[in-house]
Structure formats: C-alpha cells, structure tokens
Amino acid sequence: MKLASYAGGEWYRASAAGKVLTHAVNGEAIAEISSDGLDFAAVADYARRVGGPALRRHSFHQRALMLKELAKYLMQRKELFYQLSSATGATRSDSWIDIEGGIATLFTYSGKGRRELPNSNICLDGPQEIIARDNTFTAQHVYTPIQGVAVHINAFNFPCWGMLEKLAPTLIAGVPAIVKPASQTAYLTELMFRHIVESEILPPGAVQLICGSTGNLLDQLDFQDAVSFTGSASTGLMLKKTPAIIDNSARFFMEADSLNCSILGSDVEPGSAEFELYIKEVAREVTAKTGQKCTAIRRAIIPAERLDAVTAALAQRLAKTVIGNPASEGVRMGALAGMEQRADVLAQVEKLRAENEVLIDRSGELELVDADAERGAFMAPVILHATDPHRSNAHDVEAFGPVSTLMCYRDDDEAVALAACGKGSLVASVITADAQVATRLTTGIAACHGRVLVLNQACAGESTGHGSPLPHLIHGGPGRAGGSEEMGGIRGVKHYMQRTALQGSPDMLTAITGCWMSGSERRLDAVHPFKKRFNELEIGDAVVTDKREITLADIEAFAELSGDKFYAHMDAAAAKRNPFFEDRVAHGYFLVSMAAGLFVWPGEGPVLANYGLDHLRFAAPVYAGDILQVQFTCKQMDNRETEDYGEVRWDTTIVNQDDQVVANYDVLTLVAK
Ligand code: NAP
C-alpha cells in the first residue's frame, strides 16, 4: 500500500518508490511512504487561500459543531482504526488512548468551544480597560484568528490522538491545518484522515495531509502561520531554526521529549495504599504503549530507605506483564512501533547501563505470546538504579520504550533538586498521603513542570493517572519539554489567534467587538427589551428604571425573609465600629433582588430564564434613605446554533442619588428566537 497525501483537495500518490514501513509485530512490509513531487508552496497557498476563508465564514460555535459531527462520524468507524492499530504494536487499551482518546478530545473541544467562546469570530480577552477619566476613550483586548496556516508535525507514538488533539483547537480558532504524521505509523493516520475527508464535514482546504517529507514547506511560512511540533527535542530544535520561521516570526510550538519523574513521598510505608498506587503507576507507565509515551515516568524518585521495597514490588508486578502480539487475548504489552525504534531504544539503554545499575531486565527470559522476537519489535521492561543520582545520565538520556530509572533521595529538598535535573518536563507526580509533604514537593517542582499530579488514596479511584494528558488541561512543559503548551481547553485555541489591544471610543469598540462597552450609547426605545425576541434585540437596547428609596423597613424585611441577620445590617452601633460602614447597611443580595424588581418586564414573553450572574461587585454601601436606580443594557448576545433560544448578557449597574455606582454585574438570560 502506497500512502497518499491529501493536497489541494485531491489525493496524491508519489510515483517514485518510497520508504517501506513495516508491521511492528511480524516485521512484514505494511506500506510505502513518499511525498516526492508534491508542490509544497501550492499546499500552503491552498490552505491560506481556500481553507482559511472557508473556515472563517463560520463562527466559533459553528466550527465547534463541525468537530462534534466529525467525532460522531469517526466514533462510528472506530473498529476500522483498532484493526489497523495493532500493526503499530499497540494493545487494545493502548489503541483506546490513541483512537477514542483522540475522538474524545474533539468532543471536549466542541463542548468547550460552544460554552466558553462567543458565537462569532472575535473573542474578548479580559474586561474593558478604563483608561480615560470621562470614559470617552477606552480599550479592550481581543483575539482574532491568524490568517495563515498551521503545520502540525506529529510523533509516531499516537498516530490518531496526535493528529486530533492538534486539529481540535486549530479548527475551532478558524485556521486551516496541514497534518504531517511521523512516517513509521502514518498508515493509521492516513486511514483516519481518509474518513475525515469522506465525511465532508469540514470545508474545502480546512485540512491537508502530507505523508512523507515536508520538503520545503517550512520555508513557505510567514508571521501569520504556526508550526505545532511533537517529537524529539533534537528534531524540534532543528526545525525551529528554519530561517523562514526565525526571519518571519512564524509561531513555533514544540512538545518535545521529557524525562518525567514520579516522587514517592517520604511518609509512604510499604504495604500502604499509597505505596501500592506508586508501584502501579510506575509499572503502568513502563508498560502502557510499551513505554512509548512522552509523559511516561522515566525517573522514579524514591526515599533511599525504600529502594529494596520498591524494586521488589516492581519486579513482582512487571513479572506478571504478558508480552506479545497485541491482537492476542491476555497480552498486556505489545511491541515497539518498529525495528528502527527498538534499535534506538536499545542504544539508549546501553548508554544508561554505562552509568546506572540494572535492577530488572527480563530480556533473557522473554516469552512472547503469538509473536516472534526475531521479527517483531519486542522488548522486555528494564528498570535501572542511578547509584549516583545527581550525576546520572538518566536525567538526559531518553529511552523511548519500557525503561525507567530509580533514584534515591534523603530529604524533600533533595527530591526537588533531582526532579529539576530533568531540565523541564511535561509532567511529574507526587504520591503521598501527607499534605505537608505534598505542599513542599509540589511547590518545589511546579516551576519545572507543565502538569503535576498529586496522588493519594482519596483521588485514586477517579484519577486519570500520571501519563494521560487531558484536553481540559495544558499539555507541555518548560525547558527540555519544548517550552510550549498545547490544549488546556480554550487556551489551546488562543495559540492560533492574535491578541490585539483595541483602543477607541466606547461606541466604536462596541460596534467592532459586538460587546457593549461602558460609556457607549444606550438605546432607550418605547419597547421594553424583555418584550423583544432574540432576533429583534440589539446590543445597547436598554432600560433606565424608576427610582426606589431604600428604607430601614426594607432592610429588616429582607433580614426576616432571608434569615441573614449579619450585625452590619441589624445593629447600628456594631455597623459603625466596622471600618467600612457608617450605619446599618442594606444587604447586597437585597440590592440584586430589588434591581430585578425594577428592571424586569413581568409579563410572559420571550425571556425564558435567568441562568446566573457574572462579575458581581458591591462597589459602595447603601444606607436607609439612599435612592437607587438601575441601568440595564443588552451587552452581548450569543446565538445557540442548535436551540430555539439565544443567550443574552445584560450589563446591570445600580447607581445612587449621587450617580455613584453601588453595584455592577452581568445578568445572564435565555431569550427565545
Ligand atoms: P522525531 O523523530 O523527532 O519526529 C517527529 C516528527 O518530526 C515526525 O513527524 C518526523 O517525520 C518529523 N520530522 C523529522 N525530521 C523532519 C524534517 N526535517 N522536517 C519536517 N519534519 C521532520 O520523533 P518521533 O521519533 O516521531 O517521536 C518520538 C519522540 O517524540 C520521543 O522523543 C518522544 O518523547 C517525543 N514525543 C513527545 C511528545 C510530547 O507531547 N511532548 C509526544 C509524543 C512523543 P518522519 O517520521 O517522517 O521523520
């Protein structure tokens, strides 16, 4: 099978012979890969000219819905991907992370995109900045999609997840992508990509695929483009130095290899629940995906007095790991992705052996189920011990397979120092039952890590584990790990957008952002805005209410009704002793309630529900005798694509008789279309 690229809306197969890719388990040729003859300038141009505009004709919500459709489409075909996945050496549970984990990332991004982004193509960053005394000149930070193309270069170990976790935030942002899978497992990426194309869910040019070399693609990139690279630090650094990327300030995100660690707390005794958790976690990270996970535990940092107990428990657990053909029943650990990868791992293990002692190595007694060690890329787990942990090369040498090194510490400071020797990692875990140990270790190591899992018995049942990046959380790390971030929910979408500080008059900024800015015009027409349907409402539609005097009787009645008899509302002398009040003060929640009493239109109408408040602040105390009025203004409107209502956010400002703001917040409502 000759793998094809998908470029300019068509499948392309190189005529020249390509590199032969082999089956991880039986060593047979499985595919040939080459992108020879592709016009890479045309690929980039097609993405920018066709894909970008086609995507950006839709809103964040519409693109998020495309992801949901795509996720459903791929999920219905998942067994096809599972079948081919075993050729990569992956067991069913390894493939589950890759295939269903990847599809789940699309679902999560779809949900987050529709909940957390507006239904438009411009997204606010933080609140309006008040920068002029009379508020005739104001500012707002916004994000808009970059106008170029994202090049996604992926590692071989997650051929599906690697593609999907990068596509989800990129497509929601409105940026077309060119996917370049690692050659060794590109046959699986190509299969899934074929189904993405066949689904016809994404607009033309939104995604292209390069199977084989990227040729001079990176030389085409400019300041509106981005590269998201996952792979080894050496390849990443080499690509980051591409002259076009440096000269044109193209964005370059790098997720590189990392010598992640897991620390066993000094409080954890052998036999305890946390000790079992530690052993389970380390053993799982050694064997899952045959150790080919960028997040795997490469360094197990343990109290010196626990070396024997940890070694014995790990040996016992790893001895139970059934290795062999991942398609066969009962096999827990499959093969590495190919013979080249195995040669690579074994060479790295040799380097580690030179400076560390081998504690566990089952290679001499490797019994494979339904597989031949000569033909498949199999390998036994190897556990080493850094006899001189501060100078061990285990802080530098990544053996991307079932390999981990134990290193001993004497106190928490030494554990923190050893963790930092990895020079920046994707993830660390701290396994302890003691909150003080957890605090010391976590605050000590957090700056060197993109993610820290603190694991104890209380969260073990639901824990997603040391090695699992989640779409909600950032994935990435400082230093050697590449210095970038991916995912992290909507943070990941913003990597493909430009942040701009907009300055101007409030009316102009309202028009541009679609969000009513304080200081903008309010439209006070005869029709109360609660009588308008979603499609009749406009930003700036407002009510300025009647005035209402607050009385002592109001304060007492509210105290009685709510049961809130806090002294500042009830006792004048006590209130006066409080540094903030001059007398009995009205309840803040009373103000919110009485404001609703002033601004609502009570009759049955298109406003369906109030689903919350945002940013509520009580800015000044309210005393009996104060006269209040509410300015209630339609601030932001989000059309729900799949519902017959939209979301409307109302700026709500309560002022007193001196025009002083006493409370400000957003009221959130659902309004029928
Ligand atoms: P790699 O050899 O660095 O390759 C990574 C990607 O770069 C592949 O798609 C590769 O394509 C491509 N590439 C290589 N040279 C290139 C060039 N000159 N121009 C354009 N693209 C080029 O890494 P790998 O062996 O696939 O993956 C294993 C490594 O990735 C491990 O070190 C692991 O720790 C790391 N990793 C990191 C993460 C993370 O999230 N941080 C995740 C997974 C893996 P070809 O295959 O066609 O050469």
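Fair warning: this is a prediction, and the values are worked out from it, not measured in the lab. Order of listing sets the numbers, starting from 1, for every ligand and every atom in it.
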So what's ligand 1 close to, N/O to N/O, under 3.5 Å?
from: ligand 1; atom 1: 3 (O); to: S232; atom 2: N; distance (Å): 2.8
from: ligand 1; atom 1: 3 (O); to: S232; atom 2: OG; distance (Å): 2.6
from: ligand 1; atom 1: 3 (O); to: T235; atom 2: OG1; distance (Å): 2.7
from: ligand 1; atom 1: 9 (O); to: N154; atom 2: O; distance (Å): 2.6
from: ligand 1; atom 1: 9 (O); to: A182; atom 2: N; distance (Å): 3.4
from: ligand 1; atom 1: 11 (O); to: K180; atom 2: NZ; distance (Å): 3.1
from: ligand 1; atom 1: 23 (O); to: S232; atom 2: N; distance (Å): 3.4
from: ligand 1; atom 1: 26 (O); to: F156; atom 2: N; distance (Å): 3.2
from: ligand 1; atom 1: 30 (O); to: G231; atom 2: O; distance (Å): 3.4
from: ligand 1; atom 1: 32 (O); to: E398; atom 2: OE1; distance (Å): 2.7
from: ligand 1; atom 1: 34 (O); to: E398; atom 2: OE2; distance (Å): 2.6
from: ligand 1; atom 1: 40 (O); to: H475; atom 2: NE2; distance (Å): 2.8
from: ligand 1; atom 1: 41 (N); to: E255; atom 2: O; distance (Å): 3.3
from: ligand 1; atom 1: 41 (N); to: A256; atom 2: N; distance (Å): 3.4
from: ligand 1; atom 1: 41 (N); to: A256; atom 2: O; distance (Å): 2.9
from: ligand 1; atom 1: 46 (O); to: S183; atom 2: N; distance (Å): 2.8
from: ligand 1; atom 1: 47 (O); to: K180; atom 2: NZ; distance (Å): 2.8
from: ligand 1; atom 1: 47 (O); to: S183; atom 2: N; distance (Å): 3.4
from: ligand 1; atom 1: 47 (O); to: S183; atom 2: OG; distance (Å): 2.5

Is there a donor-acceptor contact under 3.5 Å from the side chain of T321 to the main chain of L318?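 Between the backbone of L318 and the side chain of T321 there is a qualifying donor-acceptor contact (under 3.5 Å).
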Go through the steps for F400 and F156 under the test ring pair (Phe, Tyr, Trp, His ring centres under 6.0 Å), then give the verdict. CA-CA 11 Å; F400 200 57; F156 70 82; 5.7 Å; yes
Run the numbers on F81 and H195 for ring pair (Phe, Tyr, Trp, His ring centres under 6.0 Å), then give the verdict. CA-CA 10 Å; F81 312 132; H195 288 273; 5.6 Å; yes
Give a yes/no verdict on a cation-pi contact between R342 and F378, requiring under 6.0 Å between NZ or CZ and the six-membered ring centre and an angle within 45° of the axis.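 No, R342 does not sit over the ring of F378.
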Not counting sequence neighbours, which residues clear salt bridge (Lys or Arg N to Asp or Glu O under 4.0 Å) with E100? List them please.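 Salt bridge (Lys or Arg N to Asp or Glu O under 4.0 Å) check on E100 returns K78.
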Look up atom CD1 in I196 and atom CG in L191, then write down how far apart they are to the nearest 0.5 Å.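 Rounded to the nearest 0.5 Å, the CD1-CG separation comes to 10.0 Å.
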